[in-house]
Amino acid sequence: MHTVNVIIGLMATASASKALLYTIPRSFQAAASNCTLPAKFVVTDFITYTDETNSTLNTVCLEFSDPDTNIKTTCQQNSTSTPSGPSKNRYACDDANVAFIYQTTGVAGLTMIERACPGGTGTQLEASGLVTPQLECSNSTTGVLCHAEPTSIQGDFDSLEPIRPKAPTRRSQRARRG
């Protein structure tokens, strides 16, 4: 039986074209052997805008690509965005399998999150990795516009965790009490 687990583990690791920086949980190894796991990602055209007087106008925009899974998508957080996951700082990208968190305090940087083996059955997992864009900023009378230099940032997914349920909203909390 141990030999079977080792073989499945090797097949799952081989399903990504790059070495993985995370451990694949045993419960996910069989599913992972049939898909390409996220290993590396590229962020391009990362831009932030911070409004001087109205923080609801703050914006984060970027392009995301994963050369292994062939996902390419646009990600944006602006005044019309709503959080999309278990964290109030997590925002979905145009491709629902990708999300991001951008923080300037705490663990500062850009965390990219990608669903591993989307559409599979059983436990759903997501890979995540943090990059810290080096920003060049310019001030204006209305706000601060920043862009990453270099314009293309390569990152590694270094964590694979079960997808946590979305945080309850106040409305759903009231309904449960109700």
Side-chain angles (χ1 to χ4, degrees), residues 12-24 28 32 34-52 55-120 124-161 163-164:
T13 301
S15 70
S17 65
K18 308 274 190 284
L20 301 176
L21 298 180
Y22 51 79
T23 302
I24 302 167
F28 193 67
N34 296 320
C35 71
T36 301
L37 292 169
K40 296 196 172 285
F41 62 91
V42 179
V43 171
T44 54
D45 301 325
F46 179 80
I47 297 171
T48 68
Y49 173 75
T50 305
D51 191 86
E52 290 293 327
S55 65
T56 65
L57 298 177
N58 294 351
T59 302
V60 175
C61 187
L62 62 109
E63 297 292 323
F64 168 90
S65 63
D66 180 329
D68 297 308
T69 62
N70 293 317
I71 292 177
K72 293 180 180 171
T73 189
T74 299
C75 305
Q76 183 169 281
Q77 179 268 316
N78 60 33
S79 63
T80 62
S81 303
T82 56
S84 67
S87 163
K88 66 177 183 167
N89 299 327
R90 179 177 169 149
Y91 292 92
C93 297
D94 289 348
D95 183 315
N97 293 309
V98 181
F100 73 98
I101 300 170
Y102 179 63
Q103 297 183 165
T104 56
T105 60
V107 180
L110 175 66
T111 301
M112 296 305 308
I113 304 153
E114 181 180 336
R115 183 182 304 257
C117 305
Q124 292 289 294
L125 301 175
E126 58 190 12
S128 62
L130 175 73
V131 293
T132 306
Q134 300 303 310
L135 299 178
E136 289 191 7
C137 301
S138 58
N139 294 318
S140 72
T141 56
T142 59
V144 179
L145 180 65
C146 300
H147 66 278
E149 280 297 328
T151 56
S152 180
I153 306 164
Q154 301 211 0
D156 295 308
F157 288 111
D158 58 9
S159 174
L160 185 69
E161 299 290 331
I163 296 175
R164 297 185 316 187

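Scope of the values below: all heavy atoms of this structure, side chains included, with no hydrogens, waters or symmetry mates. Keep in mind it's a predicted model, so treat the numbers as computed, not measured.
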Spatial distance of atom CD1 (Ile153) from atom CE (Met112) [nearest 0.5 Å]: 10.5 Å

Distance-only side-chain donor-acceptor flag, Thr142 / Glu52, under 3.5 Å: no

Closest contact, heavy atoms only, Ala39 versus Leu20: CB-CD2, 3.7 Å

Verdict with supporting geometry, Thr73 and Asp94, side chain to side chain contact (heavy atoms under 4.5 Å, CB included): CA-CA 6 Å; Thr73 189; Asp94 289 348; 3.4 Å; yes

Rounded distance (nearest 0.5 Å) linking atom CG of Asp68 with atom OG1 of Thr36: 7.0 Å

Closest contact, heavy atoms only, Cys117 versus Gln124: O-OE1, 4.3 Å

Spacing of CD1 belonging to Ile101 relative to CG belonging to Asn89, to within rounding of 0.5 Å: 6.5 Å

Derivation and outcome, side chain to side chain contact (heavy atoms under 4.5 Å, CB included), residues Leu125 and Ile163: CA-CA 5 Å; Leu125 301 175; Ile163 296 175; 5.6 Å; no

Minimum heavy-atom distance between Asn139 and Val144, given as atom pair plus value: OD1-CG2, 3.1 Å

Leu110: which of Thr48, Val131, Thr132 passes side chain to side chain contact (heavy atoms under 4.5 Å, CB included): Val131

Side chain proximity check, Arg90 to Pro83, heavy atoms < 4.5 angstrom: no

Beyond-backbone contact of Leu160 with Thr23, side-chain heavy atoms, under 4.5 angstrom: no

Chi angles and distances behind the side-chain hydrogen bond (donor to acceptor under 3.5 Å, both in side chains) call for Glu63, Thr44: CA-CA 5 Å; Glu63 297 292 323; Thr44 54; 5.7 Å; no

Cys93 and Cys75 SG atoms under 2.5 angstrom apart: yes

Selection residues 151-160 - residue pairs positive for salt bridge (charged side-chain N to carboxylate O under 4.0 Å, His left out), sequence neighbours left out: Lys40-Asp156

Ring centers of Tyr102, Phe46 separated by less than 6.0 Å: yes

Note, Asp51 side chain near Tyr49 side chain (heavy atom, < 4.5 Å): yes

Salt bridge (charged side-chain N to carboxylate O under 4.0 Å, His left out) between Glu161 and Arg115, worked out: CA-CA 10 Å; Glu161 299 290 331; Arg115 183 182 304 257; over 6 Å; no

Under 3.5 Å side-chain donor-acceptor pair for Tyr22 and Ser128: no

Lys/Arg-Asp/Glu bridge criterion (N-O < 4.0 Å) met for Lys72, Glu114: no

Shortest non-hydrogen separation from Ser84 to Ala99 and the atoms involved: OG-CB, 4.5 Å

Distance in Å, Glu136 CD paired with Cys146 SG, rounded so as to fall on 0.5 Å steps: 9.5 Å

Atom pair OG1 (Thr50) and CG (Asn58), whose distance is rounded to the nearest 0.5 Å: 5.0 Å

Distance in Å, Glu149 CD paired with Cys137 SG, rounded so as to fall on 0.5 Å steps: 11.0 Å

Near-ring test Phe100/Phe64, centroid separation under 6.0 angstrom: no

Side chain to side chain contact (heavy atoms under 4.5 Å, CB included) assessment of Val107 paired with Leu130: CA-CA 9 Å; Val107 180; Leu130 175 73; 3.8 Å; yes

